Q: 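Following this message is one structure expressed as structure tokens.
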Amino acid sequence: MPQTVLVINSGSSSLKYQLIDPDSGHSLAQGLVERIGEDIGHIHHRYSVHDVDINEPLPDHATAMKLVLDLFEEVGPPLAEANIVAVGHRIVQGGRYFNGPALVDDRVERLIDELSSLAPLHNPSALVGIKVAQDLLPEIPQVAVFDTAFFQDLPAESALYALDRDVAERYSIRRYGAHGTSHRYVSHRVSEILGGRDLKQIVLHLGNGASASAIIGDRAVDTSMGMTPLEGLVMGTRTGDIDPAVVLYLQRVAGMSVDEVDELLNRRSGMKGLTGDNDMRQVRDIARSGDHSARKRAREALDVYVNRIVKYIGAYTAEMGGLDVITFTAGIGENDIDLRREVCARLEPLGILIDEEANNQRPRHAVTISRKGSVARVMVVPTNEELAIATQAMTVV
Ligand code: ADP
């Protein structure tokens, strides 16, 4: 059995896990636990040809994790034989403390806890995941891998908000970014493939959450998510960039509470707010075959989505003083052929030329979709956050 890493991604009511061989990238087993804390929880575990579903109450993460470990024993692969050398935990917020993965000890746990105010939905559940894994797998080192780490060294010009310094410092307000594990992984793959040094890259991670980053060489110089994942591109349910005065207006004029505005901007906006659906496939369906007004709304929403991406590409190209490669990744970036075509069509006047045939696929590996003569290359590189977490975890054990 090769060395493996158990990757754990704990959400507030969910838990994703994958047993992965970081050298080959092969996933040996994986699963998803949902509805922790609700009346009936659900676990889906997949190993080789076995697919197992369990529906039963999962009062807390500890119970869920215990059942998952039981599934490894009953369905496979048995953990004692899996040669696990680390448990890698995805942590959303590493604040100003972490610019890379960290072996979990008391100090690291304390800092993750301290950073909960910046990621109230994510850091606390990740800590629970760490504690449960420590209890159940006490012999195996736990490693924290931070979503923000890749952006921790952003230059001041993109990390700082033009906010009163005292307030910003007192409350740790700055651009932290997110999806850093994916941006790092994808940009490294591009550098590996193209072999260039100091490549100027834009990575577009377009999933349910969406973010863009500007990278020179192996260093991120800007990213669209801000102090929280709300800023930047239009997302499934988040607004992305919006005039912050809208927040004040909604409170003063519409009488909304802080929590109501939070819920509105994070969960009821973006593509869902504009079309009624946050899933890009559905939005495309509505744009093709909905009734007249639904079709018009969906088309408008897609235009807003594309326009925001194009704006960031322009801004980042100017910021970096040039552009070598744009890379699409994540659910929408990898699969939405029309979206890639629409974005690139807007860039044609700048000399970016797409190869329609090369674009007409949902690749499982890295491909170039621009054609000869394009001033910058355009690629699609499937992201693999679990593998990236496993690989990073290996670097500290
Ligand atoms: P996350 O990990 O942020 O939950 P993913 O990276 O899995 O999200 O991306 C989810 C998004 O990808 C959804 O909006 C989904 O509609 C979109 N997607 C998946 N396949 C396609 C496709 N064939 N065409 C367009 N969008 C797609």
Side-chain angles (χ1 to χ4, degrees), residues 7-18 27 30-34 44 90-92 119 121-122 125-126 145 147-148 177-186 189 203-213 223-225 228-240 266-290 298-299 301-306 308-309 327-344 359-364 366-367 369 380-389:
V7 174
I8 296 182
N9 184 348
S10 276
S12 52
S13 66
S14 70
L15 196 160
K16 278 192 243 174
Y17 60 91
Q18 197 167 136
S27 166
Q30 56 187 288
L32 171 66
V33 185
E34 293 170 293
H44 177 82
R90 172 184 178 227
I91 315 287
V92 163
L121 294 179
H122 294 99
S125 29
V145 178
D147 253 18
T148 50
H179 288 151
T181 310
S182 175
H183 286 277
R184 188 199 302 261
Y185 173 82
V186 168
R189 283 289 296 135
V203 174
L204 300 166
H205 177 111
L206 310 175
N208 228 328
S211 57
S213 64
T223 191
S224 60
M225 283 178 164
T228 76
L230 184 57
E231 196 180 342
L233 303 181
V234 177
M235 311 184 207
T237 63
R238 298 188 192 116
T239 53
N266 276 297
R267 300 194 187 280
R268 286 199 284 133
S269 296
M271 296 311 268
K272 186 174 176 66
L274 290 171
T275 70
D277 210 303
N278 64 298
D279 188 305
M280 198 54 121
R281 281 165 293 202
Q282 302 295 339
V283 176
R284 290 261 169 223
D285 278 352
I286 301 169
R288 267 189 297 267
S289 53
R299 194 54 257 172
L302 288 163
D303 290 345
V304 174
Y305 189 94
V306 168
R308 187 76 51 86
I309 293 173
T327 306
F328 289 88
T329 193
I332 297 168
E334 291 164 30
N335 296 301
D336 194 332
I337 294 163
D338 293 332
L339 187 271
R340 295 194 300 252
R341 188 170 32 71
E342 287 160 10
V343 168
C344 293
N359 182 47
N360 198 12
Q361 58 176 318
R362 302 193 170 93
R364 293 286 146 252
V367 294
I369 59 167
V380 182
V381 176
T383 192
N384 189 337
E385 287 175 280
E386 286 73 22
L387 173 58
I389 291 171

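Just follow the structure's listing: the first ligand is 1, and inside any ligand the first atom is 1. Quantities reported herein were computed from a predicted structural model and do not represent experimental measurements.
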Q: Does I332 offer a backbone N or O that forms a donor-acceptor pair with the side chain of R281 under 3.5 Å?
A: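 Not at all, since once roles are kept as given, no pair shorter than 3.5 Å links the two residues.
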Q: Which residues pass the salt bridge (Lys or Arg N to Asp or Glu O under 4.0 Å) test with R267, sequence neighbours left out?
A: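 Result, salt bridge (Lys or Arg N to Asp or Glu O under 4.0 Å) vs R267: none returned.
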Q: Find out whether L15 and L32 are in side-chain contact, i.e. whether some heavy atom of one side chain is under 4.5 Å from a heavy atom of the other.
A: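 Heavy-atom side-chain distance check fails, nothing below 4.5 Å.
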Q: Could you walk me through whether T228 and N266 pass the side-chain contact (heavy atoms from CB on, under 4.5 Å) test, one step at a time?
A: CA-CA 10 Å; T228 76; N266 276 297; 5.6 Å; no
Q: Which heavy atom of G240 sits nearest a heavy atom of R308, and at what distance?
A: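 That would be C-NH1, 3.8 Å.
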Q: Given side chains that start at C-beta, do those of F328 and L339 come closer than 4.5 Å, heavy atoms only?
A: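 Yes; the side chains approach each other to less than 4.5 Å.
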Q: With a 4.0 Å heavy-atom cut-off, what residues sit around ligand 1?
A: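 Within the 4.0 Å shell of ligand 1, which is judged on heavy atoms, sit G207, N208, G209, N278, D279, M280, R281, A330, G331, I332, N335, D336, R362.
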